[in-house]
Amino acid sequence: KAGVTQTPRYLIKTRGQQVTLSCSPISGHRSVSWYQQTPGQGLQFLFEYFSETQRNKGNFPGRFSGRQFSNSRSEMNVSTLELGDSALYLCASSPGGEGTIQPQHFGDGTRLSIL
Amino acid sequence: AQKITQTQPGMFVQEKEAVTLDCTYDTSDQSYGLFWYKQPSSGEMIFLIYQGSYDEQNATEGRYSLNFQKARKSANLVISASQLGDSAMYFCAMREGRRSNYQLIWGAGTKLIIKP
């Protein structure tokens with residue numbers, strides 16, 4: 001069974017640009033979550049999607065957005081990049097049914113560097 | 001208040017010894033899940049073990065076991081017979097059972113180094 005696939009693995013951008021990161025979940029998983037990991041702030045939740053709907057959102061500015069497609073693949077977009085956006089962005093998937101707590105399985109992450 | 005506390009920023013352990021990584025949590029929910037993840041230096045986050053709040057038995061997965069003490073709100077990870085490949089960051093995380101909350105809440109992590 002293929003795992004969670006994130007593309008690209010590495011990305012270098014400059015301030016003011018925008019970026020789109022992609023995540024393909026494990027087959028059959030309908031929930032996709034995104035996290036930002038930095039040395040200073042640790043792991044922080046960005047948002048979670050289930051069946052193309054955002055169910056929960058973390059405390060990030062509106063420059064961070066996401067979406068989920070009908071095949072459960074998800075993208076996140078960051079506009080007007082700032083130096084502080086340099087981070088490892090992790091995507092995780094789980095079956096996502098209501099009323100159950102299931103492990104999330106992560107991709108290898110996209111390492112974003114802002115120059 | 002911190003929801004997940006990992007009090008050991010770093011640990012050195014001799015190969016083949018057992019390791020206990022500490023995790024305490026704080027929640028008012030009756031239904032919640034506790035998770036441990038391993039993150040090697042390459043960056044991927046690897047799921048290790050899960051404990052549900054209603055599970056009566058401590059979870060085990062191979063060399064990993066979770067010492068769950070609900071009254072003390074602790075969920076320590078035990079690695080038996082440590083190996084060099086166990087060197088990594090280890091994160092404790094919690095997911096609360098409320099419908100409106102689908103995120104994982106993370107501890108700050110423990111950096112484990114296994115010495116040969």
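Convention: sequence-line order gives letters A, B, ...; per-chain numbering from 1.
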- Note on the structure: Among Gln41(A), Arg111(A), Gln37(A), His105(A), the residue with the most heavy-atom pairs under 4.5 Å to chain B is Gln37(A)

- Would you sort out whether Tyr32(B) and Tyr25(B) count as a ring-ring contact (aromatic ring centres under 6.0 Å, His included), showing the intermediate values? CA-CA 11 Å; Tyr32(B) 53 89; Tyr25(B) 61 92; 5.2 Å; yes

- Do Gln44(A) and Tyr35(A) have side chains that get closer than 4.5 Å, going by heavy atoms? no

- Linked, directly or transitively: Ile105(B) and Leu34(B) (ILVMFWY side chains, under 4.5 Å): yes

- Message: Can you tell me which portion of Gln104(A) sits under 4.5 Å from chain B's heavy atoms? Options are side chain, backbone, both or neither.
- Response: both

- Donor-acceptor contact below 3.5 Å, side chain Gln54(A) vs main chain Phe47(A): no

- Going by residue number, which parts of residues 47-61 of chain B are within reach of chain A, meaning a heavy-atom gap below 4.5 Å? Phe47(B), Tyr50(B)

- Please state whether the side chain, the backbone, both or neither of Leu90(A) comes within less than 4.5 Å of a heavy atom of chain B. side chain

- Spell out, as yes or no, whether a donor-acceptor pair under 3.5 Å connects the side chain of Tyr90(B) to the backbone of Asp86(B). yes

- Query: Counting N and O atoms only, with roles assigned by atom type, does the side chain of Arg63(A) sit under 3.5 Å from a partner on the main chain of Val78(A), one being a donor and the other an acceptor?
  - Reply: no

- Query: Would you call the rings of Tyr37(B) and Trp106(B) parallel, tilted or perpendicular if under 30° counts as parallel and over 60° as perpendicular?
  - Reply: tilted

